[in-house]
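Have a look at the structure below, then the notes.
Computed from heavy atoms alone, side chains included, the values below leave out hydrogens, waters and symmetry copies.
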Amino acid sequence: QVQLVESGGGLVQAGGSLRLSCAVARLTFTQYGMAWFRQAPGKEREFVAAISWTGGSTDYSDSVRDRFTISRDNAKKTAVLQMDSLKPEDTAVYYCAAGYRIFAVRDPGPYTNWGQGTQVTVSS
């Protein structure tokens with residue numbers, strides 16, 4: 001079955017950086033748009049960033065634009081979220097998601113495959 005496995009989460013001080021990776025298996029990676037969502041305790045899952053299946057286009061939520069960068073390596077079947085200038089309000093479980101030929105869809109519904117999530121905690 002399709003697998004998405006996130007890694008790279010952890011504890012970091014405000015202003016620091018983390019790099020999340022999402023390794024994908026058993027999926028035609030080059031046909032899938034990739035996205036990152038996050039969910040803080042007591043809150044709904046929210047869109048963070050997306051990248052098209054070709055990697056040529058990206059989309060970011062207003063809260064992370066200019067601080068986070070999404071990328072993908074189609075040869076390695078990996079999506080990456082580089083997070084810089086982290087803030088305490090970025091604390092959440094981060095999930096990667098894949099959707100067939102979709103891009104910049106901010107609703108989690110259309111994404112058919114999800115990872116298990118990785119915890120990111122930013123201390124003040």
Side-chain angles (χ1 to χ4, degrees):
Q1 73 220 41
V2 174
Q3 286 186 319
L4 279 68
V5 180
E6 301 100 335
S7 61
L11 173 64
V12 64
Q13 289 189 330
S17 298
L18 282 174
R19 182 179 177 91
L20 304 183
S21 292
C22 176
V24 179
R26 304 183 195 90
L27 179 148
T28 309
F29 190 66
T30 55
Q31 297 297 309
Y32 280 73
M34 299 297 296
W36 290 90
F37 288 77
R38 66 187 182 187
Q39 189 166 18
K43 295 188 176 181
E44 292 188 352
R45 191 167 297 191
E46 68 168 347
F47 171 81
V48 175
I51 188 165
S52 61
W53 56 94
T54 65
S57 299
T58 57
D59 183 38
Y60 298 93
S61 68
D62 289 345
S63 62
V64 308
R65 186 175 290 113
D66 299 328
R67 298 188 298 121
F68 291 9
T69 303
I70 188 171
S71 61
R72 65 188 294 158
D73 185 330
N74 282 351
K76 296 182 178 179
K77 300 181 70 173
T78 301
V80 172
L81 186 68
Q82 177 66 41
M83 305 186 296
D84 299 318
S85 303
L86 282 160
K87 304 175 181 179
E89 51 263 44
D90 294 319
T91 295
V93 177
Y94 282 70
Y95 299 88
C96 69
Y100 180 74
R101 287 189 168 255
I102 63 175
F103 168 63
V105 173
R106 300 191 173 195
D107 180 349
Y111 293 89
T112 54
N113 302 97
W114 291 82
Q116 82 288 351
T118 186
Q119 177 70 47
V120 171
T121 303
V122 184
S123 63
S124 57

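Take Arg38 and apply the salt bridge (Lys or Arg N to Asp or Glu O under 4.0 Å) test, not counting sequence neighbours, and it matches Glu46, Asp90. In this structure Ala23 satisfies the side chain to side chain contact (heavy atoms under 4.5 Å, CB included) test with no other residue, sequence neighbours excluded. For Phe103, there are no ring-ring contact (aromatic ring centres under 6.0 Å, His included) partners at least two apart in sequence or on another chain. Qualifying salt bridge (Lys or Arg N to Asp or Glu O under 4.0 Å) partners for Asp62, counting only residues two or more places apart in sequence or in other chains: Arg65.
Here Gln13 contributes atom CD and Ser123 contributes atom OG; the two are 5.0 Å apart, rounded to the nearest 0.5 Å. Considering SG of Cys22 and NZ of Lys77, their distance stands at 11.5 Å, rounded to 0.5 Å. The CZ atom of Arg72 sits 7.0 Å away from the OG atom of Ser52 when rounded to the nearest 0.5 Å.
Residues Glu89 and Thr91 fail the side-chain proximity criterion, which asks for heavy atoms closer than 4.5 Å. Between Phe47 and Asp59, the closest side-chain pair of non-hydrogen atoms falls below 4.5 Å.
A side-chain donor from one of Ser17 and Asp84 sits under 3.5 Å from a side-chain acceptor of the other.
Note on ring orientation: taking the six-membered ring where Trp is involved, the planes of Phe37 and Trp114 are tilted (angle from 30° to 60°).
Note: the hydrophobic cluster containing Trp53 does not contain Val105 (ILVMFWY, side chain heavy atoms under 4.5 Å, direct or indirect links).
Sorted by first and then second residue, the side-chain hydrogen bond (donor to acceptor under 3.5 Å, both in side chains) pairs with a member in residues 21-30 read Gln3-Arg26; sequence neighbours excluded.
Hydrophobic cluster membership of Met34, counting Ile, Leu, Val, Met, Phe, Trp and Tyr whose side-chain heavy atoms lie under 4.5 Å apart directly or via other members: Val2, Leu4, Val12, Leu18, Leu20, Val24, Leu27, Phe29, Tyr32, Trp36, Val48, Ile51, Tyr60, Val64, Phe68, Ile70, Leu81, Met83, Leu86, Tyr94, Tyr100, Val120, Val122.
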